[in-house]
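Working notes, structure below.
FYI, side chains are in, hydrogens and waters are out, and symmetry mates aren't considered; it's all heavy atoms of this structure. Labels below follow one simple rule: chain letters A, B, ... track the order of the sequence lines, proteins then strands, and each chain is numbered from 1.
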Amino acid sequence: GSKDKTTSKPEESKETTNSGETPEKAEDSNIRVGVILKTLSSEYWSYVAAGVKQAGEDLGVTVDLQGPASETAYDEQNNMIETMLSSPDLDAFVISPLQPESVVSVIGDTNVPVLFVDTDAPYENKVSYIGTGNYEAAYLGGDYAAKKAGKGSKAVIIGGVQGNTSSDERERGYREALEANGVELAAVQYAEGLADKAASIMENLLTSLDNDVDIVLCNNDEIATGASRSVEQAGLNDVIIVGFDGIQAGVQNVVDGKFTATVAQSPFDMGYSAVEKAVAAAKGEDVMKYIDTGAIVITSENAETYLAELKSKLE
Amino acid sequence: MGNYVVELKNVTKRFPGVVALRDMSLQIKPGEILGLIGENGAGKSTLIKILTGVHSADEGEMFINGVKQDIKTPSDAKNAGIACVYQELNIVKELSITDNIFINKYIHKKNSKFLDYKAMHKKAHEVMLSLGQDVDVTKPCANFGMGILQMVEIAKAVLIDAKLIIMDEPTSSLGEKEVKQLMKTVRSLKERGVSILFVSHKLEELFELCDRVTVMRDGEHITTDAIEDMDNDKLITAMVGRTLNNQYPKIEGKRGKEALRIENLNSTGVLHNISFTAYHGEILGIAGLVGAGRTETFQAIFGAFPVDGGHIYIKGKRVTIKSPKDAVKNRIALLTEDRKGQGLVLSQGIDTNLILANLSKFTKGLWLNKEKIKNNGDQAVDDLKIKTPGLTAITSQLSGGNQQKVVIGKWLNTDADIYLFDEPTRGIDVGAKVEVYNIMNDLVAKGKCVIMVSSELPEILGMSDRVIVMRGGKIMGEIDRHNEGFTQENIMKAAWGGRI
Amino acid sequence: MESIINIKKILGKLGPLLALIVLSIILSFSSPNFLTINNIMNILRQTAVNGTIASGMLVVLITAGIDLSVGANAVLCASIMGMLLDKFGITNPVILIGAALLTGVLIGCINGLLLTKFHLPHPFVSTLGMKNVLCGLALFVVSTKTISGFPGSITWLGSANLFKRGSFSGIPIAFIAMLILFVGFHVLLNKTALGRAIYCAGGNLEATRLSGINTDNVLIFVYSLSGFVCAIAGIVIVGRSGVANPSSAISPYDTDAIAACIIGGASFSGGKGTIWGTLIGALIISIIRNGLTLLKAASDVQYMVIGIVIIAAVFIDVTRNRMEEKARRLAGK
Amino acid sequence: MESIINIKKILGKLGPLLALIVLSIILSFSSPNFLTINNIMNILRQTAVNGTIASGMLVVLITAGIDLSVGANAVLCASIMGMLLDKFGITNPVILIGAALLTGVLIGCINGLLLTKFHLPHPFVSTLGMKNVLCGLALFVVSTKTISGFPGSITWLGSANLFKRGSFSGIPIAFIAMLILFVGFHVLLNKTALGRAIYCAGGNLEATRLSGINTDNVLIFVYSLSGFVCAIAGIVIVGRSGVANPSSAISPYDTDAIAACIIGGASFSGGKGTIWGTLIGALIISIIRNGLTLLKAASDVQYMVIGIVIIAAVFIDVTRNRMEEKARRLAGK
Ligand SMILES: Nc1ncnc2c1ncn2[C@@H]1O[C@H](COP(=O)(O)OP(=O)(O)OP(=O)(O)O)[C@@H](O)[C@H]1O
Ligand SMILES: Nc1ncnc2c1ncn2[C@@H]1O[C@H](COP(=O)(O)OP(=O)(O)OP(=O)(O)O)[C@@H](O)[C@H]1O
Ligand SMILES: [Mg+2]
Ligand SMILES: [Mg+2]
């Protein structure tokens with residue numbers, strides 16, 4: 001299907017577009033940017049949100065920031081998009097789609113310039129995509145873990161919600177990184193974002209694999225926390241645990257040595273530059289089609305700096 | 001054979017722990033009114049439920065117009081022309097009287113699948129009127145009292161052209177007026193050639209109405225005779241297996257001090273300036289027609305019905321009763337008229353129901369005293385002659401009368417001083433009634449105060465020391481037992497609006 | 001005569017209606033965008049799925065039952081269409097829609113059979129079990145893939161608009177379809193013997209059974225009907241979102257539908273509830289969500305407001321009923 | 001004498017117990033790792049949270065109520081501890097645990113008050129509303145952050161193990177605590193007057209009230225108790241997962257708890273259910289999830305199996321009861 005198109009390769013695109021049909025030349029202070037994130041109810045998204053707000057302040061534009069109650073509230077996000085797009089004075093629209101194809105069909109044929117953040121979507125008139133694919137970021141994390149553990153080692157993946165786009169993309173990234181490095185994938189299970197469920201799953205996986213696990217790749221940091229506790233309980237010390245998102249608790253765990261690493265997609269920058277580009281688009285300026293905000297693997301080496309940076313950005 | 005509308009032959013029905021019917025036979029002739037009586041738990045309701053396809057018999061046969069037929073479901077019964085007014089009302093309270101009357105026999109608009117409510121309301125009103133009830137049939141049944149609902153049930157049965165209408169204690173929640181009305185209706189049905197199976201614990205009604213009467217005991221057929229060949233004693237002996245000397249074994253006690261005084265109890269639209277005094281060592285009867293507000297008076301005293309004014313004095317001291325808990329604390333007991341809805345926790349055992357009104361009596365510290373509960377329960381089952389497979393039997397499986405005894409047992413456990421009995425003998429057999437009267441005598445002898453609401457005038461006259469008559473939420477008058485005006489006529493006169 | 005009674009009945013539903021009006025007024029003042037024609041159309045559009053599901057939930061609630069499998073059923077129906085499209089390349093709308101409706105009714109029918117013929121106690125359990133089974137099935141039939149690329153004939157119901165021109169976004173077909181469905185439910189519930197039997201079964205199952213009505217069949221019908229509207233909702237979901245997403249089967253469509261019914265005056269103990277009350281309930285829920293979006297409420301505020309409105313709507317209704325009863329009593333019977 | 005009765009009673013719960021045993025046998029054959037001591041300890045560990053919540057749900061169900069706010073309450077309690085830790089740097093376990101318990105009981109109490117004093121109809125609505133409010137509050141108190149770094153004294157309950165040595169992973173404290181709680185519930189429900197009142201209030205609220213029992217207080221107590229165990233569950237969640245994650249407040253902890261109770265013989269119409277039945281119900285759910293993970297089942301299979309087991313467990317129970325009754329009737333006595 002069209003799914004593969006949703007993730008572009010992590011290379012800077014030189015191609016630029018002229019956004020919107022006839023964007024009004026507006027004073028900056030009159031510019032209104034609508035932003036709908038995947039949710040506002042998790043720490044990761046609160047960093048994106050912080051970036052969005054910061055950019056709004058810095059640029060002196062109005063930012064309408066919203067997000068559904070959870071990352072599986074697909075219909076709610078669609079409703080939000082409709083409501084947002086039907087407001088008459090919107091100058092640019094930034095969206096992080098829960099369900100890319102679906103969001104494209106809901107956006108339909110609006111005149112407002114549309115930018116995607118964090119997750120891309122196959123939208124024809126797209127102005128720009130700002131972010132790093134979940135696939136690419138997960139690949140980085142998987143690759144790091146696989147290289148560290150070496151060929152022939154054994155890995156498990158604890159996913160989020162099966163069938164959910166970002167969860168599936170992360171799983172795909174992990175899988176392919178493992179495969180490329182000759183690491184055996186012993187099991188995939190889904191914790192639905194619950195740390196205590198992740199703990200249970202990890203306990204059970206350790207049982208079924210007779211503690212023979214070298215790598216645990218997780219869909220997010222909460223899941224990784226739960227998994228790491230089960231690993232710790234089982235008395236295993238050298239299991240490589242990789243989280244995702246780089247939230248404070250996750251990075252702290254890296255600092256404390258409970259995780260080996262966590263993948264961070266620089267959410268703050270993502271949010272910030274999304275608004276920045278949206279304002280540019282609203283003014284009719286040219287915007288790059290793809291802006292890679294990059295992803296880094298946070299390990300014991302860079303964890304403390306990253307944590308300090310994170311905290312300062314939230315102030 | 002062909003001369004019976006319905007015939008049951010050698011029917012046996014078992015429930016866990018009991019044989020409700022044993023080799024029971026019954027014949028009903030066309031156009032006759034057959035009475036059916038028996039003690040509580042004799043199996044009358046079970047017999048009826050077999051006739052109407054609610055239960056299926058374990059053994060035995062059934063013939064309709066001489067043809068053997070299996071009735072497996074209520075719709076089979078309906079198709080066979082058998083209708084029934086059950087002992088426990090089967091009303092959908094949320095729906096209107098019309099809806100209830102026309103349940104499953106709706107009138108449709110001509111050539112359409114849509115209902116013709118105009119026609120149904122009209123017809124429902126007619127039927128209710130013919131039963132002497134001028135009510136707004138479009139209102140939900142929840143708005144009406146037991147009496148009206150009973151009439152709705154009867155209207156349901158009247159409305160379909162049934163060959164046999166079964167009535168399981170139809171008069172148990174009716175007042176005199178409604179009973180008269182019902183009798184008239186039953187007779188007119190008979191004239192139309194409908195057979196009636198009439199179950200009642202009120203012997204007078206049987207004598208007045210029936211052509212023949214069948215007596216059962218312990219699930220077995222005892223005798224079937226023409227009513228002319230029967231008299232009170234014969235019936236009772238056949239039913240109870242012994243003779244009862246006195247149906248109302250009144251023992252007059254010595255009237256003691258004031259127990260309960262009500263002053264100007266008001267509840268707008270329902271109760272108007274209710275004032276009366278009741279004394280220790282007496283039974284105060286409250287008579288009146290259905291809807292006279294007697295139940296509301298009791299509930300108001302008990303803190304279960306909102307009042308807008310008035311005072312309650314116990315032993316001369318003013319008390320505030322805001323909830324049933326306050327009432328129980330003030331040593332008042334209320335036996336409600338609706339035992340299923342307000343009296344029993346049907347899903348619980350007899351033992352639990354018996355202790356419910358006085359849990360603290362059955363606890364040692366924090367813990368329930370299981371031994372005491374058991375001993376006390378066994379005693380109550382014995383004393384009250386509750387027919388049950390065991391103390392822990394679930395109360396929903398008891399027969400109607402035995403359920404009533406459990407509720408009485410519950411309040412006897414409270415050691416209250418003031419007993420409010422709302423229709424205490426509703427649905428219980430003659431023998432058991434005497435037991436209830438004896439219990440009241442005992443209470444009075446112990447110096448307790450008993451106030452009894454009853455729609456059975458003989459009972460009121462037979463047991464009360466004094467009688468208050470109510471009508472339309474007002475007290476119409478008071479008569480003392482030793483007054484020469486202590487007669488059925490006088491009480492009826494007051495109940496109909498005259499002054500005494 | 002009858003029309004007067006109807007107006008009275010509708011006014012009788014004043015509680016939720018009042019909540020709806022108050023809410024609308026507050027929102028009109030708080031957000032200038034609320035009372036625009038396009039936003040109102042949005043609200044209608046966003047009511048369609050929940051309203052459709054709620055209509056089936058209502059009849060189930062009237063029988064004192066519950067159907068927790070509605071959302072999963074709707075998503076399964078969508079996924080079945082997705083499977084036919086993806087694995088067998090079928091684009092014929094008759095086959096696709098037929099398959100969806102068949103699936104929905106079948107699942108509903110099974111729910112009814114579990115309750116009646118298999119004597120499972122309260123439908124909460126059987127439909128909760130069913131919800132899980134359906135979530136699994138939805139993932140299974142499309143191999144956990146999200147399917148897109150449905151033909152326009154399928155997405156029409158969920159995405160087309162009437163009188164769309166210029167800046168007017170048009171009246172959503174999905175809402176009109178829902179309204180037609182509601183009229184059908186109104187007729188069923190109030191004008192037919194079956195409808196009365198449904199109320200009776202909910203008010204007093206035993207009495208209804210004793211009246212010779214085959215209550216088993218009534219219940220099976222009711223759950224099948226719920227399944228049927230779920231299938232329609234599934235088709236609307238596909239139209240609205242453009243995709244069949246099996247992982248959304250677990251979403252709490254059921255609680256929203258139940259909330260709509262209860263806010264609209266239905267009761268868990270059965271025998272009560274009207275389709276117009278349900279409409280108001282569904283609109284209230286959509287309006288809150290819409291309003292919160294317009295007001296840019298954060299997630300935490302959104303949750304809290306929705307929670308409070310659910311409680312408040314029911315509280316208003318209950319209080320109104322109590323007042324009314326008291327007034328009636330004070331008026332003297 | 002009494003012990004014989006108790007054994008009989010427990011055997012009376014044969015339905016779910018049978019399901020549990022059959023399930024265990026099947027899983028022992030399907031996975032060699034299932035019947036190992038450590039895996040059994042895992043199952044117990046994984047039962048603790050759901051079991052704890054289910055115990056409170058049980059008393060609520062016995063009163064014919066429902067509490068949908070349990071999961072959100074547990075997570076809120078965890079988040080409150082997280083807030084105190086994160087914003088105020090409090091690490092004193094007495095304060096943290098005290099705050100959690102207080103929050104839980106307070107929320108439960110409000111649920112009870114809404115039902116009794118504010119006369120909201122069925123607690124489904126009020127607790128559903130409350131669930132949303134609590135989700136919002138949980139996010140609010142920790143500013144949507146996931147909090148980690150709880151002191152060992154807090155995480156002890158959820159993570160410590162007794163007799164841990166060598167390869168034996170130890171008996172989880174959380175499960176032992178749950179068992180102690182269950183014994184407490186057993187005593188409450190069966191040996192005290194309050195327990196009787198709870199069953200009676202569920203069987204017939206009106207009759208119980210008219211027997212002079214303050215049913216309002218009984219109900220408020222019951223919901224507060226449910227809130228109390230939610231707080232404990234919240235502490236266990238923190239111990240197990242190491243974090244307080246506010247966004248998990250919306251997770252369906254409630255359905256798992258309800259399923260455990262219903263599988264164990266409780267009923268929505270109230271008046272029924274035992275704590276040991278609930279234990280079996282909770283174990284059944286854990287065992288399925290554990291077994292499915294051991295068998296590396298995908299999400300779709302997991303959903304389907306759990307759904308089928310929920311239905312089957314109740315079906316077995318109902319059928320057994322019907323058989324038994326028939327047998328007793330035929331035996332005739
Ligand atoms: N569903 C049931 N389950 C178990 N036992 C039952 C059930 N229904 C009736 N019984 C038992 O069958 C016997 C006969 O009951 P039935 O209700 O027919 O008596 P009845 O003659 O109608 O008494 P009453 O005058 O008190 O109404 C009683 O012992 C009763 O406990
Ligand atoms: N004929 C009637 N028409 C309308 N409503 C009635 C009628 N009879 C009774 N009701 C309603 O039912 C309510 C309760 O009546 P109920 O039968 O309990 O009164 P009661 O005096 O306690 O009679 P009893 O105890 O003899 O049955 C009354 O307050 C009234 O509102
Ligand atoms: Mg009887
Ligand atoms: Mg009365």
Of the backbone (N, CA, C, O) and the side chain (C-beta and beyond), which part of S251(C) lies under 4.5 Å from a heavy atom of chain A, both, or neither?
side chain
Quick one: which of V188(A), L217(A), N134(A), I158(A) gives a side chain to side chain contact (heavy atoms under 4.5 Å, CB included) with E171(A)?
V188(A)
Is there side-chain contact between Q162(A) and S167(A), with heavy atoms separated by less than 4.5 Å?
no
F182(C), CZ: over 12 other non-hydrogen atoms inside 6.0 angstrom
yes
Quick one: what part of R45(C) sits under 4.5 Å from any heavy atom of chain A, side chain, backbone, both or neither?
side chain
Given a strict heavy-atom distance threshold of 4.5 Å, which part of D300(C) is in contact with chain A: side chain, backbone, both, or neither?
neither
Honestly, the part of Q46(C) sitting under 4.5 Å from a heavy atom of chain A is both
Determine the option with the most heavy-atom pairs under 4.5 angstrom with chain A, choosing from N290(C), N33(C), N42(C), V243(C).
N42(C)
With a 4.5 angstrom heavy-atom cut-off, is it the side chain or the backbone of E76(A) that approaches chain C, or both, or neither?
side chain
How long is the straight-line distance from CG of L115(A) back to OG of S96(A), given to the nearest 0.5 Å?
12.0 Å
What I want to find out is whether K131(C) reaches D67(C) closely enough, with some N-O distance under 4.0 Å, to be called a salt bridge.
no
Just wondering, do V305(C) and I308(C) contact through their side chains at under 4.5 Å, heavy atoms?
no
Segment of E82(A) engaging chain C (4.5 angstrom heavy-atom cut-off)
both
Out of L292(C), I306(C), N245(C), V49(C), return the one with the most heavy atom pairs under 4.5 angstrom to chain A.
N245(C)
Could you tell me if Q99(A) and S241(C) have a donor-acceptor pair between their side chains, going purely by distance under 3.5 Å?
no
Answer key: most heavy-atom pairs under 4.5 Å with chain C among N78(A), D75(A), V103(A), V161(A) is D75(A)
